[in-house]
Amino acid sequence: MTDLFAQYAATAIPLSVQRKQAKAEKPKTKLDLRMEEKQRLTRNYRIARRNVNIETLASEPRLIRFSAWLRKQSDPREIVSGIAESWLPDATQDVKHYALRLVAARCDKLNRANGFAALDDPLPPETSVFFKVKEAIGAR
């Protein structure tokens with residue numbers, strides 16, 4: 001004797017719900033577990049990075065003005081000379097790293113605007129704006 005109500009319920013469930021139910025019943029593979037772990041670690045890293053950025057901005061309010069100044073610059077020589085003559089060489093390492101991330105983002109944006117690849121680092125004898133700024137502020 002079959003249960004007609006159960007048969008009707010099984011056929012009346014939308015396919016998307018049936019797939020979710022089947023997926024929930026399947027045991028997780030090693031790949032699924034690794035992907036979940038990777039997602040968890042990535043989320044934790046982003047949260048930690050955001051907290052560090054908030055602390056860095058709170059400890060050095062001049063970074064906000066620096067960011068605004070950097071957005072207005074389009075000449076690489078002005079960027080390097082302006083940063084070399086600024087307060088950044090005397091800043092802490094956290095502030096220098098934050099400023100370098102801003103400089104890298106600005107350089108990538110300028111490269112894309114000029115038709116170059118975003119990550120267009122030169123070969124060792126040559127140098128780029130990022131490396132010149134890094135050397136000018138003494139970041140490790």
Side-chain angles (χ1 to χ4, degrees):
M1 184 164 156
T2 60
D3 186 6
L4 294 176
F5 184 74
Q7 283 180 335
Y8 174 74
T11 58
I13 296 174
L15 281 177
S16 60
V17 175
Q18 289 178 11
R19 287 187 196 113
K20 287 180 185 176
Q21 289 174 347
K23 190 175 181 180
E25 293 172 3
K26 270 190 350 187
K28 294 184 180 180
T29 64
K30 285 185 178 181
L31 178 62
D32 293 335
L33 295 174
R34 286 177 58 196
M35 292 304 291
E36 286 178 4
E37 177 70 8
K38 183 177 179 181
Q39 290 170 353
R40 185 184 65 77
L41 291 173
T42 301
R43 182 176 181 275
N44 289 344
Y45 171 78
R46 287 183 180 159
I47 290 169
R49 172 53 63 194
R50 182 177 51 225
N51 291 338
V52 167
N53 288 344
I54 290 169
E55 290 173 8
T56 303
L57 281 172
S59 70
E60 187 59 69
R62 292 182 285 187
L63 280 171
I64 296 170
R65 289 193 313 268
F66 172 74
S67 176
W69 174 82
L70 192 60
R71 280 193 299 268
K72 295 176 187 174
Q73 302 304 314
S74 59
D75 184 22
R77 289 180 294 270
E78 288 178 14
I79 293 174
V80 174
S81 64
I83 292 174
E85 296 168 2
S86 72
W87 52 271
L88 271 172
D90 299 327
T92 63
Q93 285 299 320
D94 289 340
V95 173
K96 289 179 183 180
H97 287 292
Y98 188 88
L100 280 175
R101 284 199 309 273
L102 293 176
V103 169
R106 182 63 183 159
C107 290
D108 289 346
K109 189 171 184 175
L110 289 174
N111 281 340
R112 285 192 304 271
N114 292 325
F116 299 112
L119 298 173
D120 195 19
D121 289 338
L123 294 175
E126 298 175 6
T127 186
S128 70
V129 174
F130 176 81
F131 293 123
K132 287 179 184 179
V133 169
K134 185 176 178 180
E135 183 180 312
I137 65 174
R140 288 184 262 143

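We're numbering straight along the sequence, starting at 1.
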For [X], which residues count as a side-chain hydrogen bond (donor to acceptor under 3.5 Å, both in side chains) partner, sequence neighbours excluded?
{"X": "Thr42", "answer": "none"}
{"X": "Lys109", "answer": "none"}
{"X": "Asp75", "answer": "none"}
{"X": "Glu37", "answer": "Arg40"}

#### Entry: Partner set under side chain to side chain contact (heavy atoms under 4.5 Å, CB included) for Glu36, not counting sequence neighbours
Lys28, Leu33

If you group Ile, Leu, Val, Met, Phe, Trp and Tyr whenever their side-chain heavy atoms sit less than 4.5 Å apart, what else falls in with [X]?
{"X": "Leu41", "value": "none"}
{"X": "Met35", "value": "Leu31"}
{"X": "Val52", "value": "none"}

### Query
If you look only at pairs with a residue in residues 49-60, which of them pass as a salt bridge (charged side-chain N to carboxylate O under 4.0 Å, His left out), with sequence neighbours excluded?
Glu60-Arg62

### Task
Output yes when a side-chain donor or acceptor of Lys134 lies under 3.5 Å from a complementary backbone atom of Leu100, and no otherwise.
no

## Note on the structure
Residues Ile137 and Lys96: closest non-hydrogen pair is O-NZ, 2.9 Å

List, one per line, each side-chain donor-acceptor pair under 3.5 Å for residues 82-95, sequence neighbours excluded.
from	atom 1	to	atom 2	distance (Å)
Ser86	OG	Ile83	O	2.8
Ser86	OG	Leu88	N	3.2
Gln93	OE1	Arg140	N	3.4

### Task
Taking atom CZ of Arg101 as the centre, report whether more than 12 heavy atoms of other residues, nucleotides or ligands fall under 6.0 Å from it.
yes

Could you list the donor-acceptor pairs under 3.5 angstrom formed by side chains in residues 13-20, with sequence neighbours left out?
from	atom 1	to	atom 2	distance (Å)
Gln18	NE2	Ala10	O	3.0
Gln18	NE2	Ile13	O	2.9

Under 3.5 Å, side-chain donor or acceptor atoms of residues 63-73 against the rest of the protein: list the pairs with distances, not counting sequence neighbours.
from	atom 1	to	atom 2	distance (Å)
Ser67	OG	Arg71	NH1	3.0

### Message
Checking Asp32 against Thr29: is there a side-chain donor and acceptor pair closer than 3.5 Å?
### Response
yes

### Query
Nearest 0.5 Å, what's the CZ-CD1 distance between Arg77 and Ile79?
11.0 Å

